[in-house]
Number of protein chains: 2
Amino acid sequence: MPEVISQPYTRADEAFDCLQTAIVKGDLSPGEKIGEVELCARFNLTRGPLREALGRLESRGLLVRRPHAGVKVVSVSTEELMELYRIREVMEGLAARQAAERMTDAEIAGLYATLDSHETMIEQAQGQAYYQAEGDYDFHHRIATGSRNTKLAQMLLGDLYYMVRMYRYRLSTASGRPHMALGEHRRIVEAIAQRDGELAEFLMKRHINAARQNIERKIQEGGLTI
Amino acid sequence: MPEVISQPYTRADEAFDCLQTAIVKGDLSPGEKIGEVELCARFNLTRGPLREALGRLESRGLLVRRPHAGVKVVSVSTEELMELYRIREVMEGLAARQAAERMTDAEIAGLYATLDSHETMIEQAQGQAYYQAEGDYDFHHRIATGSRNTKLAQMLLGDLYYMVRMYRYRLSTASGRPHMALGEHRRIVEAIAQRDGELAEFLMKRHINAARQNIERKIQEGGLTI
DNA sequence: GAATCCTGGATTGTTGACAATAATCTGTAT
DNA sequence: ATACAGATTATTGTCAACAATCCAGGATTC
């Protein structure tokens with residue numbers, strides 16, 4: 001989503017966003033070697049800002065760059081996706097704990113509202129996993145920012161989520177367990193509302209662990225080789 | 001330190017390393033507004049590669065950049081430093097657990113060797129906190145890579161450690177408890193050698209938590225306002 | 001006297017051209 | 001036919017000039 005508030009938006013920022021979403025949405029396949037001029041033509045940019053964006057993307061681990069040999073989108077194995085979930089488990093556990101300690105009452109009210117809107121969304125479009133994924137993203141986003149831990153939020157929102165979402169798009173019905181996830185979310189929010197950081201951390205870790213196992217099972221069953 | 005192995009070393013990489021070490025060592029004070037041309041003169045670079053490096057540094061959170069308004073080194077409060085340690089606590093706990101599960105026997109032997117060299121270093125240069133800091137860095141570095149979790153190692157080594165070291169240089173006698181830390185290290189290594197992931201995670205978390213409390217105390221006592 | 005608007009200067013963002021490097025293709029020899 | 005070596009080509013890395021934007025100082029107005 002392009003921001004509206006930030007007018008001073010350089011071409012490099014634009015390039016960064018374009019490339020990031022393109023990678024996440026799968027428009028640029030992993031392993032695909034892409035030339036700079038080709039990208040320039042595709043996104044109406046010049047090579048200066050593009051290279052700057054490329055550097056940022058490389059620093060974030062979304063693509064790899066060998067000197068004089070071009071750029072290619074990073075291709076991640078199933079094992080590496082599982083590792084990402086293990087990182088999420090501990091980091092979001094921390095986020096939940098700190099959110100329980102620090103969120104304002106207004107923010108907690110917002111969490112409840114998010115929960116309700118997810119419920120109606122799930123009822124309306126039954127089984128539509130996409131909305132669930134979006135709602136899930138929203139939920140975790142709020143908790144990350146609610147932790148009041150700048151760096152933690154930055155790492156979660158800026159690094160991990162993009163990599164995870166990159167795979168969500170591919171195996172689209174990733175979570176595929178809307179009701180169960182919603183229940184888990186509700187319990188986490190209740191723990192936060194009661195300011196029980198320890199419990200919130202525990203529940204969040206279990207929630208993400210369950211999601212990881214679910215994906216692992218789906219991949220093994222369906223033979224979905226990413 | 002410039003790498004010797006990697007000959008294909010672009011100017012942008014060079015600029016990135018130079019700036020990173022300059023920030024970490026404190027040659028560029030936090031909050032200081034720095035101009036591009038000034039940096040170019042300082043590091044014998046042109047603005048192209050420099051800007052690319054600047055983008056990377058910004059993406060890693062070591063400096064902030066307002067469009068058309070210049071670059072300044074990020075200045076972090078005491079609270080934010082504490083937050084960094086909280087993140088380290090959970091991430092390095094995970095790293096220790098996975099290292100216990102996955103490190104090869106040779107790597108574990110290397111850990112023991114590191115431990116021994118630290119011991120002699122501490123004995124030789126008693127109280128010299130600098131060596132301790134270096135050894136500490138080495139220890140945590142080995143465990144991060146030993147976790148075989150690519151992204152985890154990347155986040156720890158590429159992001160967090162640089163920010164933490166940035167403050168180590170400032171309040172130089174950061175840990176200042178060589179012997180105690182060494183004992184904690186030894187216990188962690190033993191847990192890893194016994195392939196006891198749970199214990200290794202617990203000990204590592206406690207170790208980092210102790211370091212955090214130590215720094216917090218030092219800051220409050222000495223009135224070291226970073 | 002204080003605040004606001006405007007203009008000059010400096011700095012950043014962007015562009016296009018140039019140089020250096022790696023991949024590819026072709027030709028020859030085994 | 002295959003493997004190796006050389007040259008070509010295309011792509012990346014780098015540079016210097018141009019345009020757009022913000023900051024500071026001064027003048028003006030309330």
Side-chain angles (χ1 to χ4, degrees), chain A residues 2-20 22-23 27-75, chain B residues 2-20 22-23 27-75:
Chain A
E3 302 294 311
V4 188
I5 47 170
S6 65
Q7 262 198 6
Y9 198 62
T10 72
R11 292 292 176 93
D13 294 330
E14 195 183 331
F16 181 76
D17 282 5
C18 284
L19 284 180
Q20 184 159 262
I23 292 173
D27 296 342
L28 267 49
S29 323
E32 182 185 355
K33 190 189 146 238
I34 42 184
E36 292 186 359
V37 286
E38 186 189 336
L39 288 175
C40 290
R42 199 154 162 182
F43 296 106
N44 274 43
L45 294 162
T46 51
R47 283 185 53 214
L50 182 86
R51 283 182 62 81
E52 203 175 311
L54 253 39
R56 284 196 236 176
L57 264 330
E58 185 197 19
S59 177
R60 292 207 178 181
L62 267 79
L63 45 81
V64 291
R65 193 139 78 125
R66 240 180 24 195
H68 296 98
V71 185
K72 69 176 182 184
V73 180
V74 74
S75 65
Chain B
E3 303 292 311
V4 188
I5 46 168
S6 64
Q7 263 199 7
Y9 199 61
T10 72
R11 292 291 177 90
D13 295 330
E14 195 182 333
F16 181 76
D17 282 6
C18 284
L19 284 180
Q20 183 158 264
I23 293 173
D27 296 342
L28 268 48
S29 322
E32 183 183 355
K33 191 190 141 235
I34 42 183
E36 292 188 0
V37 286
E38 185 189 338
L39 288 176
C40 290
R42 199 153 160 183
F43 296 106
N44 274 44
L45 294 163
T46 51
R47 284 184 55 214
L50 181 87
R51 284 182 60 80
E52 200 176 323
L54 253 40
R56 284 195 236 177
L57 264 331
E58 186 197 19
S59 178
R60 293 207 178 180
L62 267 81
L63 46 80
V64 290
R65 193 139 79 124
R66 238 180 26 193
H68 295 99
V71 184
K72 69 177 183 185
V73 181
V74 75
S75 66

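Throughout, protein chains are lettered first and strands after them, A, B, ... in sequence-line order, and every chain is numbered starting at 1. The basis for the numbers below is simple: all heavy atoms, side chains too, and nothing from hydrogens, waters or symmetry mates.
Each of dG13(D), dC22(D), dT14(D) was ranked by its minimum atom distance to the side chain of Arg65(A); first place goes to dG13(D). When distances run from any side-chain atom of Glu36(B) to the nucleotides dT14(D), dA23(C), dT12(C), the shortest one goes to dT12(C). Nearest to the side chain of Ala12(A), among dT14(C), dA23(C), dC23(D), sits dT14(C). Checking dT15(C), dG13(C), dG13(D) against the side-chain heavy atoms of Pro67(A) singles out dG13(D) as nearest.
Inter-axis angle, ends of the helix from dG1(C)-dC30(D) to dT30(C)-dA1(D), five pairs per end, rounded to 10 degrees: 30°.
Residue Gly35(A) is in sugar-phosphate contact alone, with no base atom involved, counting any heavy-atom pair closer than 4.0 Å across all strands shown.
In this structure, Arg11(A) reaches the dT15(C) phosphate: one of its side-chain N or O atoms is under 4.0 Å from OP1 or OP2. Between Arg51(A) and the phosphate of dG13(D), there is a side-chain N or O to OP1/OP2 separation shorter than 4.0 Å. The side chain of Arg47(B) contributes no N or O atom lying less than 4.0 Å from OP1 or OP2 of dG13(C). A sub-4.0 Å separation between OP1 or OP2 of dC23(D) and a side-chain N or O of Arg66(B) is present.
When rounded to the nearest whole Å, the span between NE2 of His68(A) and C1' of dA22(C) equals 8 Å. The distance between atom CG of Asp13(A) and atom P of dT21(D), rounded to the nearest whole Å, is 14 Å. Atom CD in Glu58(A) sits roughly 14 Å away from atom C1' in dT12(D) (whole-Å rounding). Rounded to an integer number of Å, the gap from CG of Leu54(A) to C1' of dT12(D) is 11 Å. When the C1' atom of dC22(D) is taken as reference, atom NZ of Lys72(B) falls 15 Å away, rounded to whole Å. Rounding to whole angstrom units, CG of residue Leu39(A) and P of dT11(D) are separated by 12 Å. The separation between Asn44(B) atom CG and dC15(D) atom P is 10 Å, rounded to whole Å. Computed from coordinates, the Leu45(B) CG to dT14(D) P distance equals 9 Å when rounded to whole Å.
Contact check for Arg42(A) versus Leu28(A): side-chain heavy atoms found under the 4.5 Å cut-off. Residues Arg60(A) and Ser59(B) meet the side-chain proximity criterion, which asks for heavy atoms closer than 4.5 Å. At least one side-chain heavy atom of Leu54(A) sits under 4.5 Å from a side-chain heavy atom of Glu36(A). You'll find the side chain of Arg51(A) reaches within 4.5 Å of the side chain of Arg65(A), heavy atoms only.
Nearest heavy-atom pair across Ser75(B) and Gly31(B) is CB-N, 4.1 Å. The minimum heavy-atom distance linking Phe43(A) with Cys18(A) is given by the pair CD2-CB, 3.7 Å. Across Cys40(B) and Thr46(B), no two heavy atoms sit closer than the pair SG-C, 3.8 Å.
Nearer the 5' end of DNA chain C, as judged by each residue's closest nucleotide, is the contact made by Glu52(A), out of Glu52(A) and Lys33(A).
Between Asp13(A) and Arg56(A) a salt bridge is recorded (basic side-chain N to carboxylate O distance below 4.0 Å).
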